[in-house]
Each structure stands twice: as structure tokens, then as C-alpha cells.
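Lettering follows sequence order; numbering is per chain, from 1. What you see is a predicted model, and the numbers here were worked out from it, not measured in a lab.
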There are 2 protein chains.
Amino acid sequence: MDWVYVKNVNQYDGQEITVKGWVYNKRASGKIWFLIFRDGTGIMQCTVLKNEVAEEVFELKNTLTQESSVIVTGTVRKEDRSPGGYELTVKEINVVQIADEYPITKKEHGSNFLLSNRHLWLRSAKQNAILKIRHTVYYAICNYLNDNDFYRFDSPILTPNACEGTTTLFEVPYFDLGKAFLSQSGQLYLETGIMSLGRVYDFGPVFRAEKSKTRKHLTEFWMMDAEAAYVEHAQNMDIQEELIRYVIRTVIEKNLQELKILGRDIEQLKKADAPFKRMTHKESVDFLRSKGSEIGDKDDLGSADEAMLTEASDVPVFVEKWPKETKAFYMKRDGDNPDLVLGADLIAPEGFGEIIGGSQREDDHDILLERMEKENMSIDEYQWFLDLRKYGSVPHSGFGVGLERLIGWMSGVAHVRETIPFPRTIYRIKP
Amino acid sequence: MDWVYVKNVNQYDGQEITVKGWVYNKRASGKIWFLIFRDGTGIMQCTVLKNEVAEEVFELKNTLTQESSVIVTGTVRKEDRSPGGYELTVKEINVVQIADEYPITKKEHGSNFLLSNRHLWLRSAKQNAILKIRHTVYYAICNYLNDNDFYRFDSPILTPNACEGTTTLFEVPYFDLGKAFLSQSGQLYLETGIMSLGRVYDFGPVFRAEKSKTRKHLTEFWMMDAEAAYVEHAQNMDIQEELIRYVIRTVIEKNLQELKILGRDIEQLKKADAPFKRMTHKESVDFLRSKGSEIGDKDDLGSADEAMLTEASDVPVFVEKWPKETKAFYMKRDGDNPDLVLGADLIAPEGFGEIIGGSQREDDHDILLERMEKENMSIDEYQWFLDLRKYGSVPHSGFGVGLERLIGWMSGVAHVRETIPFPRTIYRIKP
């Protein structure tokens, strides 16, 4: 390659290099001006001295606009006061394009304006930082799973059946076969995968046609679903805990600078890399009531409950053994109390709420069939799922991680719409 | 973990271990019988000796059926004649479930039967091998890109506009906003990403509502789209070539056993890891005519053409500089000949056909606008895409790899429907 990325300039101290990117900002002061240059991998100050460059290069201080594309050649110089530790003393600037007046400036913009200009907003330092953290979180999850005997197993998006209810499904007319539905979760398909590969996961987009307008809801979001044969409830939580702690460590190791740009409380994030708390749903209800909540014995936890539950906790909290009425048909009942299921939700601290839902799955054919009939599910459509309980059924468990919510917590970004390149909500399908 | 995966038994020579999995097969001969055991990670022969186990364990030779789930404890023994190099001398067998009579047997089944039982077919040795190669290919691509300055940038599936025509788009009713369409390619979105991150890619499902019924077509398939700022046509091909050669080496390194199970000609695959051939579209047309083809000057290459073109080649062949009529509106014209575009298709040898399509992109606002108007595209809907040519436009290029076609070639599997867990075609949406 005939040019250098800013993230690698530390390898070229004292050498002449070329960088290719955009004008992030500029500052002038008499016989010297500074081009704040960005190329996506980093930001670097380039110093332009009147006595050391051609006149037309020096005069670019007047014509270069924000986001103009430029190719800059100069000498790398160590500069400890500089954010990246290095600066460039400019020899030459080649202008690729002088940008039109850029719509996004330093002033405050409304969220609707920014979302309508998402294709440009992505260039800002904070959005760039979130995208880099997203990259890290995605591969930290993959690497942990790959190193722990899981195989990737891409479940289908176009499905004939609903995993949980049908009112929140997007429909797609499908040739002469009637309707298909966009998948809400690959879980049921992953259960076929474990019978071939032992441990599997998928990691892709899923869809919920929910009319929710909270800061935690998108209609299209990314989910990692994992499933493992012969893994039971307690070990299922162990895997989740190890995975999340690994992700925390990886993000802190790789994205310290991005976390700083986002103003994340890094010490607080570090504290979450310690043994997670585990409590039963009943214990959580008792605790919440002691704090004044009016939550019922068989209620799900609301956002306010989740926040209250983790208020005094530095680490995520597992809430396990839920009343069967609160959870899906496929969860295995607790052997000690058939009114409970062997499911657990993992609640992130600092008010970020649920980031994982998981459970041991019902592996008995007749019990599963009975539950599906009770929920008026089409036995015919789900025969393949029941088959898994006829041909070598095994105890097994799994869990699903919501990528955007996890990134929200890791990066300290309150609204999940900033954690995905092009967010889709009930009101927004563009750009 | 309280048990061992078959892939790791080589670490336990002479030790007593427990494995958890399924009965793949069994063979009896007097006072000894063999349980062919599989757990997803591998297959291992377990020897059961009448004199060394309890009577009820020995008698399992009569009751264990194919695919029954079992937990086996025994001593690991090195056995060079064994396919995996190790066997287990059984001490104990715990039956989890005796499987019902398994529908898939050693006899030949029709493809419709196998596809309708895809949830079970996945367990067969060949399908298991293909899934493992898919895992390797996926991460080989990601690792190459991550090591070469690309950031993951997940483009949206629900989109307001069409990338290439609209007749092959799946429609989705979207709340009060009218219709959304399932993405056919993330390319245009990736072009926004390079302005933030320099080099980006996505890697997820894309959708084409094509009525094609060939062995190379699925309605839902996985695509990796990459895009890079300041990369021009020739360098774009260099990146593709390095990427594909890296994938070949990685698959051969990690999946030799799986390639053997599939009967892949491994020597032939190895030969493809050498400098790729490059020819212009015109050269390819001249060559094909010399072989008797009636292909026209401005024709796309059909499957037969692609096969003929690579017949005598051990390595993939780039066909570059196509007549502008054959390619999409966003490709940059060749500076030397405005009737051609700076696009290239990469054709795999051995008849597997196109595995990559790529090009340098048009970066001039006015030229791009003119082309879009000529194609009757809605300028209003694509304003965000045109914006990229107003605010710091740069030369840039990208390409898309079809995952299933690449796996097909790597693994030597002719029909792409076997290269994805649950294939979707015009006639099939289940299971």
C-alpha cells in the first residue's frame, strides 16, 4: 500500500509518509496553520508552516472546508501533547474534493435531524467510536464462542412459523407458498444444530414488529443465540458470565480511547468484570417490594424494577427460576418446583437493563407437545421441532444476547439507535 | 466441564474420560461390540468387551438404535488404524434416550425427502463436514479483513430502496410507512461507512426474490460486501485475490478431514492458491469465440461460458473492464474507454462459476446523477447516496463475495442448498 493509516503512524517516527482522508477541522495563526486530519482509523494534527510549503499549499487554509477530501504528505513527529502521540509536519497537500458546506456542525442538532442525516452523522467522533466498539464486541463474542467449542450455524431469516406469538412478526409474501415471516430468534433452529455439532450459535439480524418507542427498542436488531447439547441450567449461566466478562475485558483492552471519547465511566465498567450475582425471581420480587415496589408474585420485571435491582450492584445480576406464566413454552420446568422454569435473565448494572435471556430447554417430547397444544401452536408446523425430542433427545440449554443493548451498556450510550449503523424504528426506515 | 469432546481425546491418552453424544452406528461380533459414537466435534469407535462391563451394558448392543443419545465412560487408547487415531475402551454406558427408528438411513434418499428432513439430515457426516467448512470460511474472511484494516459495519436488511432493480425484491409492509424491501446488498450503505471508518464490510443474509431454480440460486443467502476509500480498480482486485487465497489456505489447514469426507480433490484446491489470471471482457469473448461460443460483444457470461473460460485454469480468473451496458449504474467508467466500466468478476475454476463481483465506484456527483436519472431512479430516495459525492468524495472500490458459492467451490459441493443450514428456494420455506 502506498499510504499509511493514522492508527499506524507510530511505526513511522521521523519518516516521510502519505495519509489519505478528510479535513476534520483547521486552526490558523499567522505563519502556521493546523489541519486536523481524519482517515477513519484515527485523528492526527498536521502542521503547515508558511516557510516550508509552496504558497498554494499554505493558502489552502482559506479554501479547505470541513470534510474536504485530502491526501497529505509530511514527516511524522512524536508529540506527547498530541492526543494520538504523533503529528505530521506537512510537505504537500493534494486536494481530492473541496466539500460543500457540511450540514453537521459543532452546534447542537436535534435527534430527528441527525437520524435523517445518519449517512453523514456516522462520521462524527462519537459515532465513529461507537462503531469501533461494535466491531470489538461482535468479535469478542465470536472469539469466546469459537474458543469454547461452539460452531457458527446461521439460522434462516425467512421462516414459516413464529417463535413467540405472531402479532409482532413482519410478514413477507413468498411466491406461491403464501406468507413467510422474518425471524425473531434463531433458537429453535439452533436446537437442530446442536444435534449435528454439539454447540452452535448464530449472530445476525432479527426482527420485531413492535410498536415500542423506548430507547431500548429497534424493529431490526442483531442477536447472538447460542445453544449447547448436554449443558444444563447452572452451566448455561456460567457460560454467559464468562462470555460477558471476556467481552468487558476485550473492549477495555482494545477501545480505551473510544470509551474516553464517549465519556464512559471506565472504572465502573472494569468493576463489572467480577463474579456476577444470582438471585431467584422470588428473591428479586422480595427485594423490590422491600424497596417499595408493588410488583406481583408472577410479574415480569419492568425497566424501573431492573434499574432498582441493580442499583447497588457493580456487576450484572442473573434473575433465575421464573414463574412459568412469565416465560415461553420451550423452557424446562424446575425439578424442585414445577411452577417455575429453569430460565435466567441477565440484568446489566447502571440502569441498562436486560442484556441476555436464556434457559434450559424442555427435552421431553410429551411434555413439550402438551405445552404447545395448550398454547394453540400448530403441531404440524412444528413437527420438525418435536422430532428433536424423538431421535436422541438430550438435556440442552441456550441464551440470546442483544448486541445493541450490550454495546449500549459497554459504551455508556443510552439510546440503542446510536449503536447500529442504520437504526430502524416504527417511524424510521430511511436512509 | 465434566466431559470431553471427541476432537480433544488426543489429550487424554490412557486416561478415563466421559463423552456425551449419539449413536452413529454399531457392529457386534460375539464377545465384543463396537459403538460408533459421535458428539458433533468428531466420531470415535468405542469398544465394549463382554468381560469388562456389566451385563446390562453389554446387552445394549441389542437395544441401542441409531441416533440414541448416550453418555459413555471409558479409557482412551491410541489406535493408529482408527480414523481419528483414538478409541475408547468402554467401562460404562448411560442411555439418555433410545431413539425412535431414524428416518435417514444408509440407503439413497431423494433430495426432496432430505430437504424436508433438513433438521435431521444436518446430522449426517457430509452435512456436518460442510457446516464445519462454512464456519471456517466465514471466519477466514472476517480474519483477513480484520487484519487488513477493515471494520465490520452491519448494513440494514429493511431498506426503502432497491440496489439493482425492483422485480426481484421481497416486500414487507412496514407500519404506517408503506413498504420496506429486504436488502439485496449492503453496498450503498457501506459507501457511507468508508467515510467514517476508511474500510468497512458487512457479512449477513441478503435476499433475492428470483424465480431461478438452478443449483446456484437461493432466495436467502449470505453475502460479504467490502468497501474501501482511496482504493482503485487494480488494488481492489489485489485485495480480492489475497483474500481468496487466504481462505483456501485456511480451509486446507483446518478442514483436511472434512474435505476428505466430502471427497474433495484437495490437490486441485491447493493449486488454486497461486497468482490469479486477469483478462478483459473483450479477451474473454475472443477466447470463448475461438472455442466455438456465439457470445456477443456486449453479452454477460453465462454458466457455460464461465465453465469454458476456466476449463484449462487451475486458478480463479478475473474478467475485468466490462461493457457499461452489462453492469450497474454505480460502476466507474474506464478512463481509457468510456464504453467500459472498471468492474471485475472473479470466476472460480472447476465449473463453480462467479464467486465475486466488484468494481471501482463512480465518485463524481454529476456523472452519477446523470446515470441515475437515465435509469429512472428516484433521486429523492437516493439523495443520501448522492450526498457522499458532495462532502469529501474520494475514489473508492468494493466487492461482494457470495458465501454459499464460495463454500460450494471450496468443499466441492455442486448444489448451494447444502452449504447453508436451512436453504430457502422458490419452492421451499420449511422447515
Considering only heavy atoms and a distance below 4.5 Å, find which of Pro173(B), Ser68(B), Gly204(B), Ala180(B) pairs most often with chain A.
-> Pro173(B)
Atom group of Asp100(A) that falls short of 4.5 Å from chain B, counting heavy atoms | both
So what's closer than 4.5 Å to chain B heavy atoms on Thr41(A): side chain, backbone, both or neither?
-> both
Check each atom of Arg424(A) against the heavy atoms of chain B and say whether the ones under 4.5 Å are side chain, backbone, both or neither.
-> both
Does any heavy atom of chain B fall under 4.5 Å from the side chain of Tyr151(A), the backbone, both, or neither of them?
-> both
When you check the side-chain N and O atoms of Asn146(A) and Tyr201(A), is any donor under 3.5 Å from an acceptor?
-> yes
Looking at Phe203(A), Phe207(A), Trp222(A), which makes the most heavy-atom pairs under 4.5 Å with chain B?
-> Trp222(A)
Here the pair of heavy atoms bringing Asn128(B) nearest to Ser196(A) is ND2-O, 2.8 Å
Would you please indicate yes or no on a ring centroid separation below 6.0 angstrom for Phe170(B) and Tyr174(A)?
-> yes
So what's closer than 4.5 Å to chain B heavy atoms on Phe221(A): side chain, backbone, both or neither?
-> neither
Side chain, backbone, both or neither: which part of Val70(A) has an atom under 4.5 Å from a heavy atom of chain B?
-> backbone
In terms of heavy-atom proximity below 4.5 Å to chain B, should Leu120(A) be classed as side chain, backbone, both, or neither?
-> side chain
Arg199(A) and Glu227(A) ion-paired at < 4.0 Å = no
Chain B heavy atoms under 4.5 Å from Ile426(A): which part of the residue, side chain, backbone, both or neither?
-> both
Part of Asp176(A) within contact of chain B (heavy atom distance under 4.5 Å) = neither
Ile239(A) and Val231(A): which non-hydrogen atoms are nearest, and at how many Å?
-> CD1-CG1, 4.2 Å
Would you say Asp387(B) and His119(A) make side-chain contact, with heavy atoms under 4.5 Å?
-> yes
Answer yes when Arg134(B) and Asp154(A) have at least one side-chain N-carboxylate O distance shorter than 4.0 Å, and no when they do not.
-> yes
Engaged part of Tyr138(A) at the chain B interface, taking heavy atoms whose separation is under 4.5 Å = side chain
Do you know which of Val394(B), Leu158(B), Ile420(B) has the most heavy-atom pairs with chain A at a distance under 4.5 angstrom?
-> Leu158(B)
Contacting moiety of Pro205(A), where chain B heavy atoms sit under 4.5 Å = side chain
Chain B heavy atoms under 4.5 Å from Tyr391(A): which part of the residue, side chain, backbone, both or neither?
-> both
Specify the closest pair of heavy atoms between Thr419(A) and Ile130(A), including all atoms of both residues, with the distance to one decimal.
-> CA-CG2, 3.8 Å
Chain B contact via Arg428(A) - side chain, backbone, both or neither, heavy atoms under 4.5 Å | backbone
Option that, when pairs with chain B are counted at under 4.5 Å, heavy atom only, ranks first among Gly42(A), Pro156(A), Ala209(A), Ala99(A) = Pro156(A)
Charged N to carboxylate O below 4.0 Å: is that the case for Asp39(B) and Lys7(B)?
-> no
Give a yes or no on whether a salt bridge exists between Glu191(A) and Arg389(A), defined as a side-chain N under 4.0 angstrom from a carboxylate O.
-> yes
Ring centers of Phe422(B), Tyr189(A) separated by less than 6.0 Å | yes
Whatever's closer than 4.5 Å to a heavy atom in chain B on Gln66(A) counts as neither
Only one of Thr192(A), Asp202(A), Asp225(A) passes side-chain hydrogen bond (donor to acceptor under 3.5 Å, both in side chains) with Ser155(A); say which it is.
-> Asp202(A)
Using a cut-off of under 4.5 Å for heavy-atom pairs, which of Lys430(A), Glu220(A), Gln383(A), Glu67(A) has the most such pairs with chain B?
-> Glu220(A)
